[in-house]
Amino acid sequence: MSILRFHAIKESLNHKPIKVNEPARRSEIFGENVFNEQSMRQFLTKDSYKSVMSAVEHGTKIDRQMADQISTGMKEWAISKGVTHYTHWFQPLTGATAEKHDAFFETMDDGHAVEKFAGGQLVQQEPDASSFPNGGIRNTFEARGYTAWDPTSPAFIYGTTLCIPTVFVSYTGEALDYKTPLLRALQSIDGAATAVAKYFDKNVSKVTASLGWEQEYFLVDSALAASRPDIALAGRTLLGHSSAKGQQLDDHYFGSIPSRALNYMRDLETECMLLGIPVKTRHNEVAPNQFELAPIYEESNLAVDHNSLLMDVMKKVADRHNFVVLFHEKPFAGVNGSGKHNNWSLATNTGVNLLGPGSTPMKNLQFLTFFINTLKAVNDHEELIRASIASASNDHRLGANEAPPAVISAFIGEQLTAVLDELEKVTNGKLSPQEKTDLKLNVVGKIPEILLDNTDRNRTSPFAFTGNKFEFRAVGSTANCANPMTVLNAIVANQLIDFKKSVDALIKDENMKKDDAIFNVLREYIKDSKRIRFEGDGYGEAWEKEAKKRGLSNHKTAPVALKARVSKKTIALFEGLGIMNKVEIEARYEIELEEYAKRIQIEGRILGDIARNHVIPTAIKYQNILIENVQGLKDIYGKDFKKFAGEQMVLIEEISAHIATINSKITAMIDARKKANKITDVSKLAIAYCDDVKPYFDEIRHPCDKLELLVDDELWPLTKYRELLFTK
Ligand code: ADP
Ligand code: MG
């Protein structure tokens with residue numbers, strides 16, 4: 001065995017479960033490191049407390065004097081917990097979170113030192129924006145970026161640093177991060193949904209979009225991960241023959257959690273509790289060493305921050321447990337990949353879940369309104385939805401076997417399908433009293449019972465209604481949820497605005513009663529959005545054909561899928577709602593394409609290096625052993641040697657053939673890369689990497705994996721799948 005692999009395995013065997021200290025009651029430590037209402041009451045003046053709460057609840061501005069009071073209180077709270085530094089914490093478009101720590105510590109003119117944190121430092125900071133991706137915005141405007149406090153997501157302490165969630169924008173106001181457009185989209189959906197909810201209850205004054213994500217991930221022993229250059233540099237394996245035993249026996253899913261992993265989770269969950277991340281569920285996933293963690297759902301902006309923070313904390317806690325967390329959507333070929341289901345719903349300030357069917361016909365009509373409008377929005381913007389989850393790594397999942405297909409469709413269940421079919425028959429114009437009674441009894445009245453047993457959830461659907469929320473299942477495990485959530489909330493907001501216009505017009509121009517008008521508009525929407533509804537097996541080939549007939553998009557690769565991000569329709573949507581302007585939209589598109597090309601470029605280099613520096617030399621070593629053997633047999637048996645050396649000679653030839661394929665394909669891949677690199681148009685560059693470079697990956701991998709099976713295990717330098725996946 002190669003020395004590296006030997007040591008990695010030996011070290012991994014020495015990694016034992018690490019003891020963790022858990023509080024007896026989690027509720028006792030929940031939010032301990034968060035500047036939440038409780039700590040604010042304790043550390044803020046009455047006025048400054050009120051001004052933060054009003055900013056959170058009504059989006060009001062916090063004035064300078066208040067900011068000074070708040071920052072002082074925040075600093076005192078932080079120092080009482082041993083904090084020395086503060087940072088503006090934000091989510092640039094790199095996909096990671098960013099922070100730059102500054103000490104509270106300051107020296108005065110007279111030489112003595114104090115801890116200081118002024119309102120200005122809380123509210124606004126200027127990180128050096130030049131090294132974050134900005135898709136040309138900076139060049140266009142020569143703008144520098146600054147971060148600005150987002151009071152709707154509470155400050156928290158991590159380690160000895162006070163972290164202040166912020167937006168990241170250029171001086172000319174363009175969003176340079178994920179949070180800014182999300183906040184604008186959430187504002188849009190609040191306005192649009194509140195206006196519609198008022199049809200049913202005048203007391204509604206705010207609607208909040210909720211998000212409950214489910215994070216899937218793999219744990220790999222840190223010593224084993226370090227022995228694989230592909231895992232270390234790309235977060236996934238680029239080669240490796242599948243293990244004889246993988247997930248065929250389905251013995252991992254919901255199985256007992258191995259104790260090393262369990263201790264990691266317990267430690268992680270304690271950290272989450274302190275940070276106010278309400279994690280609730282943990283379990284094994286389908287693949288070996290694959291797990292899932294899910295919190296109780298929260299307001300979307302907070303939920304997005306919590307997911308980004310969690311991913312960071314997961315890596316740090318994993319260090320202590322000698323694990324590496326793989327968030328990649330497809331770290332291992334042949335076993336399941338990872339996703340991040342986004343459960344989404346809308347709730348009013350009066351405590352009603354607008355996607356919950358409720359118990360009375362009135363509430364059901366409200367439910368149907370939001371339910372059908374969501375379907376219509378998804379129908380009209382399916383391409384943009386697909387684009388919102390497009391990335392080089394998610395391409396491995398979409399359309400592959402265990403994940404949602406690249407076609408966006410919505411599953412609603414048999415019973416709701418029946419309800420919509422009946423509603424579709426509503427006559428045009430005013431409803432007779434009899435019709436109204438029928439509708440309410442037959443359609444609306446039935447829903448609550450119906451949904452109780454709506455358990456036949458279709459696991460193959462990318463967008464499924466699951467009783468009281470929609471579950472957007474096509475989101476990738478590495479994704480920042482802000483991206484798909486911005487799109488989903490924006491398209492539904494836009495749809496609800498259209499809906500209200502149509503209903504109001506019928507009431508005014510056709511003299512219809514409100515209920516009649518609503519039924520009439522919904523009926524049209526049901527017809528218009530039929531093509532997005534699909535209840536069958538989303539993984540089958542039949543669906544791809546059917547989807548094509550229906551005119552649904554089926555973009556299998558990110559560079560093609562991303563085009564919808566800059567379509568006229570998308571720009572009109574985002575500009576219309578004031579979420580992003582054309583410059584911001586195009587900048588993001590450019591960043592995503594650039595990132596795509598870079599990822600494929602990096603992976604191509606890693607694969608080429610491993611194949612040439614690890615695989616080929618090892619194959620030659622083993623081939624030499626075979627040659628020596630054949631030579632020896634020839635010495636002993638003379639011209640009869642083939643009787644004994646025949647199979648060895650077959651192996652020698654097979655090895656030569658694989659080496660030849662690998663080497664020539666690497667040369668061809670490098671040529672394709674060089675050619676691609678000359679392209680200046682970034683969308684063509686991404687397509688070239690996708691169509692001309694990436695296809696070599698499989699062609700190079702295949703002979704490498706064959707060699708892994710042929711070559712003496714003692715010589716093989718790379719830690720194997722069975723070792724990576726089955727170390728407990
Ligand atoms: P699974 O999809 O694994 O079967 P569930 O259907 O129980 O699991 O999904 C649970 C997830 O849905 C949790 O993360 C939970 O917080 C979230 N969830 C439940 N209700 C809502 C809601 N109204 N809005 C958003 N997310 C919700
Ligand atoms: Mg789920």
Side-chain angles (χ1 to χ4, degrees), residues 30 182 185-186 189-190 193 197 206-217 250 252-255 257 265 268-269 272-273 276-287 290-311 314 336-358 363 366-367 370-371 374 402-404 410-413 448 451-477 479 481-482 484-486 488-489 492 538:
F30 184 72
L182 175 69
L186 292 171
I189 190 99
D190 176 11
K206 188 177 170 68
V207 171
T208 310
S210 56
L211 163 64
W213 40 261
E214 304 166 48
Q215 179 72 54
E216 293 183 335
Y217 62 98
D250 281 331
H252 190 67
Y253 193 51
F254 284 147
I257 301 173
M265 291 178 193
L268 172 66
E269 285 165 7
C272 287
M273 285 296 118
I277 307 172
V279 291
K280 193 160 165 76
T281 316
R282 62 182 177 211
H283 61 77
N284 289 358
E285 263 301 329
V286 176
Q290 189 190 25
F291 306 95
E292 180 186 295
L293 177 148
I296 298 168
Y297 68 92
E298 300 176 285
E299 183 279 320
S300 294
N301 176 41
L302 186 59
V304 167
D305 280 0
H306 277 166
N307 182 250
S308 298
L309 176 58
L310 171 93
M311 289 172 78
M314 281 177 81
N336 270 26
S338 301
K340 177 150 53 197
H341 297 177
N342 278 204
N343 295 274
W344 171 89
S345 190
L346 297 170
T348 65
N349 61 314
T350 54
V352 176
N353 176 359
L354 294 169
L355 289 170
K363 283 188 185 150
Q366 174 175 284
F367 159 73
F370 285 92
F371 176 71
T374 305
E402 82 291 347
F411 169 85
I412 61 170
L451 283 180
L452 280 181
D453 49 37
N454 185 32
T455 47
D456 55 334
R457 298 205 244 148
N458 186 334
R459 288 275 153 197
T460 66
S461 177
F463 196 83
F465 185 71
T466 52
N468 57 3
K469 61 186 184 290
F470 278 99
E471 184 171 356
F472 187 11
R473 305 177 61 243
V475 184
S477 46
C481 308
M485 284 299 107
T486 300
L488 182 58
N489 286 295
V492 176

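We're numbering straight along the sequence, starting at 1. Start at 1 and go down the list; that is how both ligands and their atoms are numbered. Predicted model, so just to flag it, every value in this text is computed and none were measured.
- Near Glu471, with a cut-off below 4.0 Å to any heavy atom, the atoms of ligand 1 are 2 (O).
- The heavy atom nearest to atom 18 (N) of ligand 1, considering only Glu214, Glu299, Lys469, is found in Lys469.
- Taking 4.5 Å as the limit, every side-chain heavy atom of Val207 sits out of range of all side-chain heavy atoms of Phe370.
- Set against the non-hydrogen atoms of Trp213, the atoms of ligand 1 under 4.0 Å away are 14 (O).
- With Phe463 as the partner, the ring-ring contact (aromatic ring centres under 6.0 Å, His included) test is satisfied by one option alone out of Phe472, Trp344, Phe411: Phe472.
- Residue Ser210 has at least one N or O atom closer than 3.5 Å to an N or O atom of ligand 1.
- Residues satisfying the salt bridge (Lys or Arg N to Asp or Glu O under 4.0 Å) criterion with Lys280, sequence neighbours excluded, are absent altogether.
- Side-chain atoms of Asn349 come within 3.5 Å of backbone N or O of Lys206 as a donor-acceptor pair.
- Of the polar atoms of Glu292, none of the N or O atoms is found under 3.5 Å from an N or O of ligand 1, judged by distance alone.
- Residue nearest to atom 27 (C) of ligand 1, selected from Tyr297, Trp344, Phe470: Tyr297 (by heavy-atom distance).
- Inter-residue side-chain proximity for Glu269 and Ile277 is flagged as unmet; no heavy-atom pair is nearer than 4.5 Å.
- Evaluation of the side-chain hydrogen bond (donor to acceptor under 3.5 Å, both in side chains) rule for Asn307 yields Gln215, Lys340 as partners, not counting sequence neighbours.
- For ligand 1, the atoms sitting less than 4.0 Å from at least one non-hydrogen atom of Ile296 are 16 (O), numbered in the order shown with element in parentheses.
- Proximity of Thr466 to ligand 1, defined as any heavy-atom pair under 4.0 Å, is not found for any part of the residue.
- For the pair Leu293 and Leu310, the minimum side-chain heavy-atom distance is below 4.5 Å.
- For the residues Ser345, Ala464, Gly212, Ala294, the heavy atom positioned nearest atom 23 (N) of ligand 1 is part of Ser345.
- Between Pro295 and ligand 1, a contact under 3.5 Å exists for at least one N or O pair.
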